[in-house]
Peer 1: 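I have a structure I would like to understand better, so I am pasting it below and will then ask my questions one at a time.
First the proteins, then the strands, lettered A, B, ... as listed; each starts at 1.
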Amino acid sequence: MIDIKLLRQDPDLFRAGAAKKRIACDIDRLLELDQRLRESSQRADELRARQKAGGKRMAEASPAERPALLEEQRAQKAELKALDDELAPLQEELDRLLLRVPNPPAAEVPEGRDDSENVELRRVGEPRQFAFEARDHMSLAEAQGWIDVQAAGRISGSRNYFLLGDLALLEQAVMRYAFEHMVKKGFVPVSVPTLVRTEAMVGTGYFPGGEEQAYRCDDRDDLCLVGTAEVPLTALHGGSILDGARLPLKYVALSSCYRREAGTYGKDTRGLYRVHQFLKVEQVVIAAADSKASVAHHLAILENAEELLRSFDLAYRVVNVCGGDLGQGQVQKFDIETWMPSREGYGETHSASRFHDYQARRLALRYRDADGKVQFCHTLNNTVAASTRMLIALLENHQQADGTVRVPAPLVPYLGGRTHLGVPLG
RNA sequence: GGAGAGGUGGCAGAGUGGCCGAAUGCGCUAGAUUGCUAAUCUGGUGUCUUGGGAAACCGGGACCGAGGGUUCGAAUCCCUCCCUCUCCGCCA
């Protein structure tokens, strides 16, 4: 959520921000509501003050004085009630609109309508050239007996999968390695709930707006399945005032992630690229409110993921995501796209976002700084490794002519010392 | 799922209709005292919001798990929900 005081001071900043993000947003209506509410609530506060004073007089009044006082208080009460009734819907509308105001993107964010206008920052590693007919991850996995989407479709519907044998082992290996990679860097390992209240979805900025992308339990419970561990991790300290000396807090979590993928019919239907459920190791930083430091954290968590990709011998590129492709809350986002031979291109595998205090405001996530002032935290997050997309990259890039898959060095210890997976195919 | 007990400031804990934003203790903090440490004494010590002020600060309003209600007046009474604890049942 944005700071309404800033909005009053500099509405154009927010108009420009919304325009850059290509998100419609009625700033004028918001300012008008704010203005009216502030004026009226002053009146309401005065009425309440008189009401309170009257109550005190009542307590001290003699029985003879009471009836007159009572009458006076009744009249006041009616007046106050009328005013409150008038204000309540306005306040509601303001709150609703406020949740929708996009966080203005950083100056470094490129102009652009959608992902086609993201700006490439660098390419690292050479896409692999094959001296043989390379397979896509699906045909390779099927040939090795590593995947069953038919059975998954029968049991769970489309975009679900069973992984079997070596591929199930590889998934675990990647997750374990990614997790420990971050723990070694001092990130606190966390196991998180993946069922969260609507409140947490709103707090992290996924709602309102992202409801179609999230699975929701039925109305017996107010619970959603998270699309990423970012949600529980960022919400972990919501509602509290942290000791500023303890910041930044760095967390890493491994969790299942659930995505409805509504509106993507016919898109990436083959294989593991777009699925309803996967595992992901996610890094979250909760920091002090300092935009410079925030940028440093952003680059650091980006580098953490790049390190992992380089250690896997995977080629990738980093893009600076353009305004139109940014989410409502993000100040800036870097995506990492990893080379995927079957796509003959780079496919998104990581997404590093920084939010400034946008999520923190919604979550009431604050800290006390060295001067004793209460401030909203800055939050950031990035993927470390998302299982399915990492498996696509590993299978396709490290496949051998005989249909086995080479295991990159860091994963060997997590696979019992094996350097190749699968059996030679005829 | 059944029965019961609770949710009050950083923590512990009082408060059953007005004098309660809330006693007391601990903690924290500033100062005094002190050869050092410990101890002692004194003051300060919630959040949000609004108005005034350059600021220190001052005034108003809201907040005692959340949301509704009763009342001139609610931490206190009523309803719904959430959470915690104890016992029983079921279960990974």
Peer 1: Between A/Lys77 and A/Glu72, does any NZ, NE, NH1 or NH2 come within less than 4.0 Å of an OD or OE carboxylate oxygen?
Peer 2: no
Peer 1: When A/Glu230 is tested against each of A/Thr383, A/Asn382, A/Asn381 for side-chain hydrogen bond (donor to acceptor under 3.5 Å, both in side chains), which residue passes?
Peer 2: A/Asn381
Peer 1: So which nucleotide does B/U33 pair with, by the Watson-Crick or G-U wobble rule with both distances under 3.5 Å?
Peer 2: none
Peer 1: For B/C77, give its Watson-Crick or G-U wobble partner with both distances under 3.5 Å, or none.
Peer 2: B/G69
Peer 1: Applying side-chain contact (heavy atoms from CB on, under 4.5 Å), can you list everything that pairs with A/Asp26, at least two apart in sequence or on another chain?
Peer 2: A/Asp28, A/Arg29
Peer 1: Strictly distance-based, threshold 3.5 Å: is any side-chain N or O of A/Arg366 a donor or acceptor partner for the main-chain N or O of A/Cys377?
Peer 2: no
Peer 1: Going by number, which of residues 30-39 of chain A have a non-hydrogen atom under 4.0 Å from RNA chain B?
Peer 2: A/Arg38
Peer 1: Map A/Ala59 and A/Ser41 onto RNA chain B by nearest heavy atom, then report which one ends up closer to the 5' terminus.
Peer 2: A/Ala59
Peer 1: Taking only residues at least two apart or on different chains, which pairs with a member in residues 141-156 of chain A satisfy salt bridge (charged side-chain N to carboxylate O under 4.0 Å, His left out)?
Peer 2: none
Peer 1: Go ahead and name the base partner of B/G9; Watson-Crick or wobble counts if both distances stay under 3.5 Å, otherwise write none.
Peer 2: none
Peer 1: Taking side-chain contact (heavy atoms from CB on, under 4.5 Å) as the test, write out the residues that go with A/Ala141, two or more places apart.
Peer 2: A/Trp146, A/Ile147, A/Leu167, A/Leu395
Peer 1: Is there a residue in residues 44-54 of chain A whose heavy atoms reach under 4.0 Å of RNA chain B, and which residues are they?
Peer 2: A/Asp45, A/Arg48, A/Ala49, A/Gln51, A/Lys52
Peer 1: Please determine, for B/U86, whether a Watson-Crick or G-U wobble partner exists with both distances under 3.5 Å, and give it or none.
Peer 2: B/A3
Peer 1: Using the salt bridge (charged side-chain N to carboxylate O under 4.0 Å, His left out) rule, collect all pairs that involve residues 42-56 of chain A, keeping only residues at least two apart or in two chains.
Peer 2: A/Asp45-A/Arg48, A/Arg48-A/Asp84
Peer 1: Excluding sequence neighbours, so at least two apart, what forms side-chain contact (heavy atoms from CB on, under 4.5 Å) with A/Thr388?
Peer 2: A/Tyr161, A/Leu272, A/Val275, A/Phe278
Peer 1: Identify the nucleotide, in any strand shown, that forms a Watson-Crick or G-U wobble pair with B/U16, with both distances under 3.5 Å; if there is none, say none.
Peer 2: none
Peer 1: When A/Ser342 is tested against each of A/His137, A/Arg270, A/Glu396, A/Arg135 for side-chain hydrogen bond (donor to acceptor under 3.5 Å, both in side chains), which residue passes?
Peer 2: A/Glu396
Peer 1: Please determine, for B/C28, whether a Watson-Crick or G-U wobble partner exists with both distances under 3.5 Å, and give it or none.
Peer 2: B/G44
Peer 1: Tell me which nucleotide, if any, is Watson-Crick or G-U wobble paired with B/A92 when both distances must be under 3.5 Å.
Peer 2: none
Peer 1: Using both distances under 3.5 Å as the test, list the Watson-Crick or G-U wobble partner of B/A23, or none.
Peer 2: none
Peer 1: Between which nucleotides of RNA chain B, read 5' to 3', does contact with chain A run, using atoms under 4.0 Å from its heavy atoms?
Peer 2: B/G18 to B/C83
Peer 1: Please figure out whether A/Lys56 or A/Leu69 has its closest RNA chain B nucleotide nearer the 5' end.
Peer 2: A/Lys56
Peer 1: Using atom P of each nucleotide, how far apart are B/G61 and B/G25 to the nearest Å?
Peer 2: 29 Å
Peer 1: State, without any angle test, whether A/His350 and A/Tyr316 hold a side-chain donor-acceptor pair at a distance under 3.5 Å.
Peer 2: no
Peer 1: Not counting sequence neighbours, list each pair that qualifies as a side chain to side chain donor-acceptor pair (under 3.5 Å) and has a residue in residues 279-288 of chain A.
Peer 2: A/Thr228-A/Lys280, A/Lys280-A/Glu282, A/Gln283-A/Asn304
Peer 1: In chain order, what residues pass the side-chain contact (heavy atoms from CB on, under 4.5 Å) check against A/Leu37, with sequence neighbours excluded?
Peer 2: A/Leu87, A/Leu90, A/Gln91, A/Leu94
Peer 1: Under 4.0 Å, counting only non-hydrogen atoms across every strand here, what does A/Arg8 touch: a base, just sugar-phosphate, or nothing?
Peer 2: sugar-phosphate
Peer 1: What is the nucleic acid contact for A/Arg368, judged by heavy atoms within less than 4.0 Å: base, sugar-phosphate only, or nothing?
Peer 2: sugar-phosphate
Peer 1: Does anything in residues 83-96 of chain A reach RNA chain B, meaning a heavy atom under 4.0 Å, and if so which residues?
Peer 2: none
Peer 1: Would you be so kind as to tabulate the donor-acceptor pairs closer than 3.5 Å made by side chains of residues 244-252 of chain A, with sequence neighbours excluded?
Peer 2:
residue: A/Tyr251; atom: OH; partner: A/His237; partner atom: NE2; Å: 2.6

Peer 1: Donor-acceptor check, side chain of A/Thr269 to backbone of A/Gly266, threshold 3.5 angstrom: yes or no?
Peer 2: no
